[in-house]
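Below: one structure, written as structure tokens.
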Amino acid sequence: MSKPLEGIKIIDFTHVQAGPACTQLLAWFGADVIKVERPGSGDVTRTQLRDIPDVDALYFTMLNSNKKSLTLDTKKPEGKAVLEKLIKESDVMVENFGPGALDRMGFPWHTIKELNPKMILASVKGFSDGHHYDDLKVYENVAQCAGGAASTTGFWDGPPTISAAALGDSNTGMHLAIGILTALIGRDKTGKGQKVAVSMQDSVLNLCRVKLRDQQRLDRLGYLEEYPQYPHGEFSDVVPRGGNAGGGGQPGWVLKCKGWETDPNSYIYFTIQGHAWAPICRAIGKPEWIEDSNYNTASARQPHIFDIFKTIEEWLADKTKFEAVDILRKFDIPCAPVLTMKELANDPSLRESGTIAEVPHKERGTYLTVGSPIKFSDMKPEITASPLLGEHTDEVLESLGYSSAEIANLHQQQAV
Ligand code: CAO
């Protein structure tokens, strides 16, 4: 089956997570992604957090599937010459080096544009160009702090908290992928490439938009009704951390189930959706609450919402998280078990849909990785192994017209 991005050639000049997540997604959908790596070492994640000595770490394999690897020292003249050739023949170049690194290497945007006016240069940086922090190098957790996620995550009596979800890295990569696809469609219309830039701070903030909404509501009203601080606690002039409250229109909380004393994940998330109040009451054995004026509206419930959650926890005490959800789903109540990585890894539905994929790798045997979370009616992305360092160097050089003697010479000059 032909894939929509087949024929799109991408120079993948990325490392760590934000850039590789973007190019991996495009590779899944058929793009020819050539990862350019420093000879001898390659992407730092090849060796970070290794679980098997001398074998590419999962950190690398899970972010670089479906790609080719070309080793090239792009600071040496011979390497620069290869990169120039590649730029002339490619559609997109993606990079997420520290600020100014590409310019220092001799490939500022105006040079790339001169080499190939149809080129799309896609960049990830910590902060956007012109921002007063635009000289900073940034990793995931730095971005979560800079983008507003940390100040609004966690409990009110604890410090700002980082999310385990890669809001700064993979999320920025996903934003960049959208930018690249948009620029490709734009190029079809104008015949011209362009630079696409996404900052990690902006991408985190884009996901925290509901908190920016709440800041404005707080500025106007002085309180936020859906937060646990209302009505008994205090508000300052900034959006507080709301613990496990969503802060949206539907109050919810993480509730204990049978076995929570020994299993730290024996919990469900329970949402009190306003129009599901009657089914909730029936499900938890409190039909008398349906018409009770202390309970039958959201504003009546809010002052004692934690007493209501406590009552639901009493109902949950003899049910596992899975048993509880199996009952609640019959009443159309939005809820889910708190799932562990182990449970997700073994979830038959996720295996079946390709969201979790098992991939054979030349050196590590089979490993688990995430597959495409985007499903298509006419395509099922097939996940193939990440490349070994330099696995496709000769193949790529040959495709650029280098002879065997020239390739051997290049290897010699690039040797570390
Ligand atoms: N051949 C020769 N040199 C190469 C090369 C190659 N194939 N590939 C990279 N390099 C060089 C670059 O030219 C650069 O050299 P100079 O600094 O001398 O100009 C250097 O390697 C890479 O620098 P860097 O600043 O990107 O790397 P770092 O490890 O110091 O910083 C990071 C890493 C992630 C903090 C930084 O790249 C960054 O801020 N990136 C932008 C934001 C981002 O994407 N962060 C998310 C990372 S995922 O958590």
Side-chain angles (χ1 to χ4, degrees), residues 11-24 34-49 57 59-60 62-64 67-87 93-108 111-112 121-129 131 133-147 149 162-177 179 196-204 387 389-390 392-393 396-397 410-411 413-416:
I11 304 171
D12 181 9
F13 222 175
T14 70
H15 63 163
V16 202
Q17 184 175 168
C22 165
T23 48
Q24 175 173 259
I34 301 166
K35 187 166 173 101
V36 179
E37 299 183 82
R38 212 194 298 246
S41 50
D43 189 326
V44 69
T45 58
R46 285 189 185 268
T47 53
Q48 272 181 345
L49 315 177
Y59 198 2
F60 179 84
M62 293 180 70
L63 283 156
N64 291 285
K67 302 181 186 178
K68 293 175 181 161
S69 168
L70 161 70
T71 45
L72 211 56
D73 186 335
T74 52
K75 282 188 172 166
K76 288 187 175 164
E78 311 78 31
K80 280 186 203 291
V82 176
L83 186 60
E84 278 192 17
K85 272 192 177 223
L86 255 185
I87 289 174
M93 176 153 126
V94 190
E95 67 92 19
N96 68 319
F97 294 128
L102 206 57
D103 298 0
R104 289 194 292 279
M105 204 187 277
F107 292 94
T111 302
I112 293 171
L121 172 64
S123 282
V124 168
K125 296 288 166 268
F127 295 87
S128 57
D129 265 353
H131 189 282
Y133 284 151
D134 71 1
D135 56 333
L136 277 175
K137 289 184 175 180
V138 169
Y139 283 108
E140 172 68 56
N141 296 346
V142 178
Q144 290 199 25
C145 291
I162 298 304
S163 163
L167 306 176
D169 283 340
S170 282
N171 168 44
T172 305
M174 300 304 103
H175 279 82
L176 192 68
V196 180
V198 178
S199 88
M200 296 168 77
Q201 181 190 40
D202 295 359
S203 301
V204 172
L389 181 61
H392 304 92
T393 301
V396 174
L397 292 175
L410 255 167
H411 279 303
Q413 287 160 339
Q414 304 265 324
V416 279

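Every number for a ligand or one of its atoms is a count from 1 in the order of the listing. Please read these numbers as outputs of a predicted model, since none were measured by experiment.
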Under the 3.5 angstrom rule, does the side chain of K80 hit a backbone N or O of M105 as a donor-acceptor pair? yes
Tell me whether D169 contacts the main-chain N or O of Y139 through its side chain, where contact means a donor paired with an acceptor under 3.5 Å. no
Donor-acceptor pair between E37 and T71 side chains, under 3.5 angstrom: no
Go through the side-chain N and O atoms of Q201 and S128 and say whether any donor and acceptor fall under 3.5 Å apart. no
Under 3.5 Å: N or O atoms of ligand 1 paired with protein N or O:
unit_1: ligand 1; atom_1: 1 (N); unit_2: T74; atom_2: N; d: 3.1
unit_1: ligand 1; atom_1: 1 (N); unit_2: T74; atom_2: OG1; d: 3.2
unit_1: ligand 1; atom_1: 7 (N); unit_2: L72; atom_2: O; d: 2.9
unit_1: ligand 1; atom_1: 15 (O); unit_2: K75; atom_2: NZ; d: 3.0
unit_1: ligand 1; atom_1: 17 (O); unit_2: R104; atom_2: NH2; d: 3.3
unit_1: ligand 1; atom_1: 18 (O); unit_2: K75; atom_2: NZ; d: 2.7
unit_1: ligand 1; atom_1: 19 (O); unit_2: R104; atom_2: NE; d: 2.8
unit_1: ligand 1; atom_1: 19 (O); unit_2: R104; atom_2: NH2; d: 3.3
unit_1: ligand 1; atom_1: 21 (O); unit_2: R38; atom_2: NH2; d: 2.7
unit_1: ligand 1; atom_1: 25 (O); unit_2: G98; atom_2: N; d: 3.4
unit_1: ligand 1; atom_1: 25 (O); unit_2: K137; atom_2: NZ; d: 3.1
unit_1: ligand 1; atom_1: 26 (O); unit_2: G98; atom_2: N; d: 2.8
unit_1: ligand 1; atom_1: 30 (O); unit_2: K137; atom_2: NZ; d: 2.5
unit_1: ligand 1; atom_1: 37 (O); unit_2: H15; atom_2: NE2; d: 3.0
unit_1: ligand 1; atom_1: 37 (O); unit_2: N96; atom_2: O; d: 3.3
unit_1: ligand 1; atom_1: 37 (O); unit_2: G98; atom_2: N; d: 3.0
unit_1: ligand 1; atom_1: 39 (O); unit_2: V138; atom_2: N; d: 3.1
unit_1: ligand 1; atom_1: 40 (N); unit_2: N96; atom_2: O; d: 3.0
unit_1: ligand 1; atom_1: 40 (N); unit_2: F97; atom_2: O; d: 3.4
unit_1: ligand 1; atom_1: 44 (O); unit_2: N96; atom_2: ND2; d: 2.9
unit_1: ligand 1; atom_1: 45 (N); unit_2: V138; atom_2: O; d: 2.7
unit_1: ligand 1; atom_1: 49 (O); unit_2: D169; atom_2: OD1; d: 2.9
unit_1: ligand 1; atom_1: 49 (O); unit_2: D169; atom_2: OD2; d: 2.8

Straight-line distance of Q24 CD to N64 CG, nearest 0.5 Å: 6.5 Å
List the residues meeting ring-ring contact (aromatic ring centres under 6.0 Å, His included) with F60, not counting sequence neighbours, and say none if there are none. none
